[in-house]
Participant: 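Dumping the structure here so I can ask a few things about it.
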Amino acid sequence: MLLRQLVELKHYNFVDGPMEWKEALRKGIEPLLADGSVEPEYADCLIQNVEKHGPYIVLLPGVAMPHAVEGAVGTNREAISFMHVNEPVHFGAEDDPDTTATIFFTLSDVDADSHLQNMQQLAAVLSNPEVVERLKDAKTPEDLIEIDAMVGGE
């Protein structure tokens, strides 16, 4: 399943310190940069999309899905990365859970079809509230593999 794949590909990171939202988007693509899935300029696309459209990437309270399909620059292949941050990242007001995230699933899409495929994979993970809560507490790649077993067992 998805979380196990992310661990196997090393498409994850766990971040301790506080970050502004732009820094969080840059940090979220680091695993994808490491294997060439994206180029550094992809972070600029993600930032521009949030600046243009607002905090639409926060799908659920605490969960963000940075992505850029429209005019995306710097994507080399379809990929997803996971990032957990200990300190909430605010895309809006600090007291607004609808614009705050500690979990990031960053998507690299090469076209509309790959975007749809990535979204379908994430839907299987994020449709389970228990899984989402466990992701919020994840601290290690091993935690992701344990959570993945929950998703796979459905």
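Values below: all heavy atoms of this structure, side chains included; hydrogens, waters and symmetry mates excluded. Note that the numbering runs from 1 along the sequence shown for the chain.
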Participant: Report yes if some heavy atom in the side chain of Val63 is under 4.5 Å from a heavy atom in the side chain of Phe104; otherwise report no.
Facilitator: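 No. Closest side-chain heavy atoms not under 4.5 Å.
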
Participant: Can you pull out every salt bridge (Lys or Arg N to Asp or Glu O under 4.0 Å) where at least one residue sits in residues 28-39? Sequence neighbours excluded, please.
Facilitator: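 Qualifying pairs, neighbours excluded: Lys27-Glu30, Asp35-Arg77.
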
Participant: Is a side-chain N or O of Asp109 found less than 3.5 angstrom from the main chain of Asp111, in a donor-acceptor match?
Facilitator: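 Side chain of Asp109 to backbone of Asp111: no pair is present.
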
Participant: May I ask you to test the Tyr56-Asn49 pair for a side-chain heavy-atom distance under 4.5 Å?
Facilitator: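 With C-beta onward as the side chain, the pair touches.
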
Participant: Within the 4.5 Å heavy-atom criterion, are Glu130 and Met150 side-chain neighbours or not?
Facilitator: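 Counting from C-beta outward, Glu130 and Met150 do come under 4.5 Å.
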
Participant: So, taking the atom named OG1 in Thr75 and the one named CD in Glu41, what distance separates them when rounded to the nearest 0.5 Å?
Facilitator: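 Thr75 atom OG1 to Glu41 atom CD measures 9.5 Å (nearest 0.5 Å).
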
Participant: For Phe14 and Tyr12, take the angle between the two ring planes, folded into 0 to 90°, and tell me which bin it lands in: parallel under 30, tilted 30 to 60, perpendicular over 60.
Facilitator: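 Rings of Phe14 and Tyr12: tilted, 30 to 60°.
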
Participant: Would you say Val7 and Val132 are hydrophobically clustered, going by side-chain heavy atoms of ILVMFWY under 4.5 Å?
Facilitator: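 Same cluster: Val7 reaches Val132 through Ile, Leu, Val, Met, Phe, Trp or Tyr contacts under 4.5 Å.
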
Participant: Out of curiosity, does Val15 fall in the hydrophobic cluster containing Val58 (side-chain heavy atoms, cut-off under 4.5 Å, transitive links)?
Facilitator: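 Yes, one cluster joins them.
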
Participant: Using a strict cut-off of less than 4.0 Å between a Lys/Arg side-chain nitrogen and an Asp/Glu carboxylate oxygen, indicate whether Arg134 and Asp143 qualify as a salt bridge.
Facilitator: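 Answer for the salt bridge query: no.
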
Participant: Taking everything shown except Glu20 itself, do over 12 heavy atoms lie less than 6.0 Å from its CD?
Facilitator: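 Not buried by this count: 12 neighbours or fewer within 6.0 Å.
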
Participant: Quick one: pull up CD1 in Ile57 and OG1 in Thr106 and give me the separation to the nearest 0.5 Å.
Facilitator: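 One gets 7.5 Å once the value is rounded to the nearest 0.5 Å.
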
Participant: Val85 and Leu32: same hydrophobic cluster, using ILVMFWY side-chain contacts below 4.5 Å?
Facilitator: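 Same hydrophobic cluster.
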
Participant: Under the side chain to side chain contact (heavy atoms under 4.5 Å, CB included) rule, what do Ile145 and Leu3 come out as? Steps first, then yes or no, please.
Facilitator: CA-CA 6 Å; Ile145 290 172; Leu3 297 173; over 6 Å; no

Participant: Taking side chain to side chain contact (heavy atoms under 4.5 Å, CB included) as the test, write out the residues that go with Met65, two or more places apart.
Facilitator: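 Once residues adjacent in sequence are excluded, the partners of Met65 under the side chain to side chain contact (heavy atoms under 4.5 Å, CB included) criterion are Leu59, His67, Leu107, Met119, Leu122.
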
Participant: Quick one: does Thr102's side chain have a donor or acceptor within less than 3.5 Å of a partner on Lys136's backbone?
Facilitator: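 Side chain of Thr102 to backbone of Lys136: no pair is present.
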
Participant: Are Leu135 and Phe82 close enough, and set up right, to give a side chain to side chain contact (heavy atoms under 4.5 Å, CB included), and what steps lead you there?
Facilitator: CA-CA 10 Å; Leu135 286 170; Phe82 171 84; 3.9 Å; yes

Participant: For the pair Asn86 and His84, evaluate side chain to side chain contact (heavy atoms under 4.5 Å, CB included) and give the outcome as yes or no after the intermediate values.
Facilitator: CA-CA 7 Å; Asn86 283 339; His84 178 279; 3.3 Å; yes

Participant: For atom CD of Glu51, is the number of surrounding heavy atoms from other residues, nucleotides or ligands below 6.0 Å larger than 12?
Facilitator: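 Count over threshold, so yes.
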
Participant: If we ignore hydrogens and angles and just use 3.5 Å, is the side chain of Thr100 paired with the main-chain N or O of Pro88 as donor and acceptor?
Facilitator: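 No; judged by distance alone, with no hydrogens or angles, the pair does not exist.
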
Participant: With heavy-atom distances below 4.5 Å as the criterion, would you say the side chains of Met83 and Ile103 are in contact?
Facilitator: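 Not touching, per the 4.5 Å side-chain cut-off.
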
Participant: Evaluate the criterion side chain to side chain contact (heavy atoms under 4.5 Å, CB included) for residue pair Gln121 and Gln5; output intermediate values, then yes/no.
Facilitator: CA-CA 11 Å; Gln121 288 186 72; Gln5 290 172 349; 3.6 Å; yes

Participant: Evaluate whether atom NZ of Lys10 has more than 12 neighbouring non-hydrogen atoms of other residues, nucleotides or ligands under 6.0 angstrom away.
Facilitator: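 Atom NZ in Lys10 is not crowded, with 12 or fewer foreign heavy atoms closer than 6.0 Å.
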
